[in-house]
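Here's the structure we're looking at; comments come further down.
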Amino acid sequence: MTDWAEIAGRIAAATGCRFTARDRREVRGGCINRAVHLCDGQRSYFVKLNRRDAVAMFEAESEGLTAIRASNSVRAPAPVCHGVAADEAYLVLEFVHFGGAGPDSERRLGAQLAAMHQSTAEAFGWRRDNTIGSTLQVNQWESNWCDFLAKHRLGFQLALAERNNPSRRLQDTGLRLSEKVRVLLEGHRPMPSLLHGDLWSGNAAYDRSGSPVIFDPAVYYGDREADLAMTELFGGFGPDFYAAYNAAAPVASGYPVRRDLYNLYHVLNHLNLFGGGYERQAQQLMERLLAEVG
């Protein structure tokens, strides 16, 4: 049983304004957390709920949203508070009233994402681990992008796949590919850019004014093309988005190969989370990448 009185009290403490949780409505669409629109008649909040042991996931999400907001580029919901109430972890965010995209909404999203990617760090990684979906995402700092990608992205997911869905063919192909990461990225020297980390079309929307909003991040510093690649993985965005992004920050030659390499991480994660046809998709991606290097 959710302790709404306690959560309301913590909202009041965080905002300095008294709050009573009068109206609660379930929000559908997510597959990991339970979500509720919480309102007192004047102010609204978006509340995520999960098991008690998910509190670290919510803490990391709050920090990621804060980092995106600090880049002064694209809007992300403001974190209000997080913690444990009764036996549930919770994360309270500002409630964003979504609307439809306006005529220049996707163009604005592309330009704003390029601006966010201008926020950089000294190395690749993040100050803490977080999650990609419900999977642990390891963000140990590395000075070399190839090392980070091979160890903490592809290597980590392949190790999970070996335990969750053992396929000798998948593991053998994955091992061969891991040894070719440096060849596939030869000559590519990205800056460590602030990434959303999980930027598919379901994690972006537009408010009632048509302004872009991104949410549900898996933030880290990496190659900006990794964010761009994922936007193409599950449906993608419209041509105005890509035109605006490339006008502000053109991708370098060889991007289609890097796109497949970076998206392999997400396909492997979906294999580990859901199984099914993702094994075939991962296998095809790896074979296509290996064909690039002979």
Side-chain angles (χ1 to χ4, degrees), residues 1-17 19-70 74-99 126-137 139 194-208 212-220 230 234 266 269-270 272-274:
M1 182 73 70
T2 303
D3 190 338
W4 289 112
E6 183 173 355
I7 292 174
R10 296 185 186 178
I11 292 172
T15 62
C17 297
F19 182 81
T20 303
R22 290 195 178 95
D23 183 25
R24 303 188 298 271
R25 286 175 286 165
E26 294 277 337
V27 179
R28 302 191 181 277
C31 59
I32 297 172
N33 307 299
R34 186 160 67 96
V36 175
H37 176 200
L38 193 63
C39 183
D40 69 352
Q42 293 182 321
R43 289 173 297 146
S44 293
Y45 298 97
F46 184 79
V47 183
K48 292 185 175 186
L49 300 159
N50 208 314
R51 300 183 316 273
R52 183 184 188 91
D53 59 4
V55 66
M57 176 180 72
F58 286 155
E59 186 178 69
E61 181 176 346
S62 177
E63 290 187 17
L65 289 167
T66 299
I68 291 172
R69 289 172 60 83
V74 58
R75 182 181 178 186
V80 177
C81 58
H82 61 271
V84 175
D87 204 37
E88 286 183 299
Y90 69 88
L91 171 63
V92 181
L93 306 171
E94 82 169 293
F95 188 86
V96 178
H97 293 275
F98 292 126
W126 183 243
R127 57 178 172 260
R128 62 177 298 155
D129 294 342
N130 48 24
T131 55
I132 181 72
S134 58
T135 307
L136 175 67
Q137 179 166 266
N139 293 322
L194 178 67
L195 306 186
H196 176 282
D198 195 10
L199 193 58
W200 65 293
S201 57
N203 286 342
Y206 305 93
D207 66 18
R208 286 176 174 174
V213 186
I214 59 176
F215 42 87
D216 292 348
V219 162
Y220 67 101
M230 197 188 182
F234 299 118
H266 298 290
N269 186 49
H270 276 66
N272 285 315
L273 289 172
F274 309 117

What about Y90 and Y45, are their ring centers closer than 6.0 Å? no
Would you check if E61 and P217 make a side-chain contact, meaning some heavy-atom pair closer than 4.5 Å? yes
Please assess I11 against L38 for the test side chain to side chain contact (heavy atoms under 4.5 Å, CB included), listing each intermediate value before the final yes or no. CA-CA 11 Å; I11 292 172; L38 193 63; 3.9 Å; yes
On a heavy-atom basis, the closest approach of S134 and L273 is OG-CD2, 3.3 Å
Is it true that a side-chain atom of S62 and a backbone atom of F58 form a donor plus acceptor pair closer than 3.5 Å? no
Sub-4.5 Å side-chain heavy-atom contact between E94 and L65: no
Return the minimal non-hydrogen interatomic distance between F215 and G202, and the atom names on each side. CE1-O, 3.4 Å
Between CG on residue L93 and CG on residue D216, distance to nearest 0.5 Å: 8.5 Å
State the CD-CD distance between E88 and E6, to the nearest 0.5 angstrom. 11.0 Å
All heavy atoms of A67 vs all of W126, minimum pair found to be CB-CH2, 3.5 Å
Is it true that R10 and D3 have a side-chain N and a carboxylate O under 4.0 angstrom from each other? no
Determine whether a donor-acceptor pair (N or O, by modelled atom type, separation under 3.5 Å) exists between the side chain of T20 and the backbone of R22. no
Return yes if a side-chain donor-acceptor contact under 3.5 Å exists between R34 and T2, otherwise no. yes
Can you tell me if D40 uses its side chain to pair, donor with acceptor, with the backbone of A21 under 3.5 Å? no
Evaluate the side-chain proximity of H266 to I132: yes if any heavy-atom separation is below 4.5 Å, no if none is. yes
Give, for atom OG of S44 and atom CG of D23, the distance between the pair rounded to the nearest 0.5 Å. 8.0 Å
Shortest non-hydrogen separation from F19 to C39 and the atoms involved: CZ-C, 4.1 Å
Is N130 reaching over with its side chain to a backbone N or O of V219, donor-acceptor style, under 3.5 angstrom? yes
Residue pair A89 / V55: nearest heavy atoms and the distance that separates them: CB-N, 3.6 Å
Answer yes or no: is there a side-chain heavy-atom contact under 4.5 Å between W4 and V36? yes
Considering only heavy atoms from C-beta outward, does the side chain of N139 approach that of R128 to under 4.5 Å? no
From CG (N269) to OG1 (T135), nearest 0.5 Å: 4.0 Å
Mind checking whether H196 and M230 have side chains closer than 4.5 Å, heavy atoms only? no
So which heavy atom on V213 is nearest to which on P77, and how close? CG1-CD, 4.0 Å
On the 0 to 90° scale, with breaks at 30° and 60°, tag the F46-F95 ring pair as parallel, tilted or perpendicular. tilted
Between the NE2 atom in H37 and the CZ atom in R24, the distance rounded to the nearest 0.5 Å is 12.5 Å
For I32, is there any backbone N or O sitting under 3.5 Å from a side-chain donor or acceptor partner on N50? yes
Intermediate values then yes/no, side chain to side chain contact (heavy atoms under 4.5 Å, CB included), N33 and M57: CA-CA 11 Å; N33 307 299; M57 176 180 72; 3.3 Å; yes
Between the main-chain N or O of Y206 and the side-chain N or O of R75, is there a donor-acceptor pair closer than 3.5 Å? no
Does E26 have more than 12 heavy atoms from other residues, nucleotides or ligands lying within 6.0 Å of its CD? yes
Could you give the distance from CG (D87) to CE (M1), rounded to the nearest 0.5 Å? 13.0 Å
